[in-house]
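Structure first, then comments.
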Amino acid sequence: MKIIIAKDYEELSAKAAEIMIGLVRQNPKAVLGLATGTTPLGLYAKMIADHRENGTSYVHIRTVNLDEYKGLPKTHRQSYAYFMRKNLLEELDIDLNHTDIEDGMASDAETECARYDAVLEKFPRDIQLLGLGSNGHIAFNEPGTPFGSGTHVVTLAENTVKDNARLFEDVSEVPRQAFTMGIRQIMQAKKILILASGANKAEAVGKAVKGAVTELVPASVLQLHPDCILIADRDAAAKLENI
Ligand code: GLP
């Protein structure tokens with residue numbers, strides 16, 4: 001794993017944007033695996049600014065997202081589909097029909113997981129962007145998820161529900177289940193870019209980078225990926241001093 005320590009969130013976002021925009025310019029037909037959460041917001045703002053100022057085009061780009069809350073429609077403000085449209089996709093020249101995410105309202109979860117598995121198979125990702133849960137989760141793959149997993153429905157860990165409650169009016173509104181891309185599929189991306197910001201991620205970053213590769217720390221699997229870059233700001237990198 002290549003590790004970049006940024007002095008702050010601004011620098012983290014700038015370095016991530018350099019990688020993502022560089023890839024889009026180099027391969028205008030790239031498939032991007034995208035992520036939600038607050039961490040990629042700075043990167044997304046820079047992608048939008050670059051698109052407006054420098055004309056980087058997303059006309060032939062495809063995107064697939066990591067995860068979606070089960071039970072939230074695409075129009076719900078806390079759904080990840082809504083988040084992606086508002087914070088990135090609607091601001092680019094991308095064809096929204098070429099942007100995929102699990103359907104939180106699918107009537108049959110098994111069929112939806114199979115549909116998404118097929119999408120991921122059909123469009124191999126050139127890059128997969130990841131955030132990091134404070135318990136070491138990636139996408140919604142909670143500790144204990146088999147490394148071989150494909151798209152599946154998860155019951156969220158109690159601390160994930162608490163962490164994510166800040167974006168809802170009340171913790172009781174946070175869905176308890178979600179669809180997520182599996183760890184096997186995350187690992188299939190040609191390149192992985194994982195971002196971590198803030199002191200509450202330091203423990204998880206330390207375990208992911210320096211700890212044992214174990215299903216108990218989902219992000220530790222990234223040590224096995226041939227082209228994975230972690231960008232952490234100083235607070236998130238606090239446990240990596242001797243690296
Ligand atoms: C959620 C998402 C993850 C994300 C994590 C961290 O649980 N499912 O994909 O990485 O939150 O979010 P944040 O970047 O807001 O800390």
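Note that the structure is a prediction, hence the values are computed from the model and not measured. When a ligand or atom number is given, it counts from 1 through the structure's own listing order.
Taking the side chain as every heavy atom from C-beta outward, D95 and Y58 never approach each other to under 4.5 Å.
In terms of the ring pair (Phe, Tyr, Trp, His ring centres under 6.0 Å) criterion, F123 has no residue partners (sequence neighbours excluded). E215 is linked by a salt bridge (Lys or Arg N to Asp or Glu O under 4.0 Å) to nothing, counting only residues two or more places apart in sequence or in another chain.
Residue-level contacts of ligand 1 at the 4.0 Å heavy-atom threshold are G37, T38, T39, D67, Y80, G131, L132, H137, A139, F140, N164, R166, K201.
Screening residues 74-105 for ring-ring contact (aromatic ring centres under 6.0 Å, His included) gives Y69-Y80, Y80-F140 as the qualifying pairs, with residues at least two apart or on separate chains.
Contact check on E18 versus K15 returns no salt bridge, with no Lys/Arg side-chain nitrogen under 4.0 Å from an Asp/Glu carboxylate oxygen.
The number of heavy atoms from other shown groups lying within 6.0 Å of NZ (K207) does not exceed 12.
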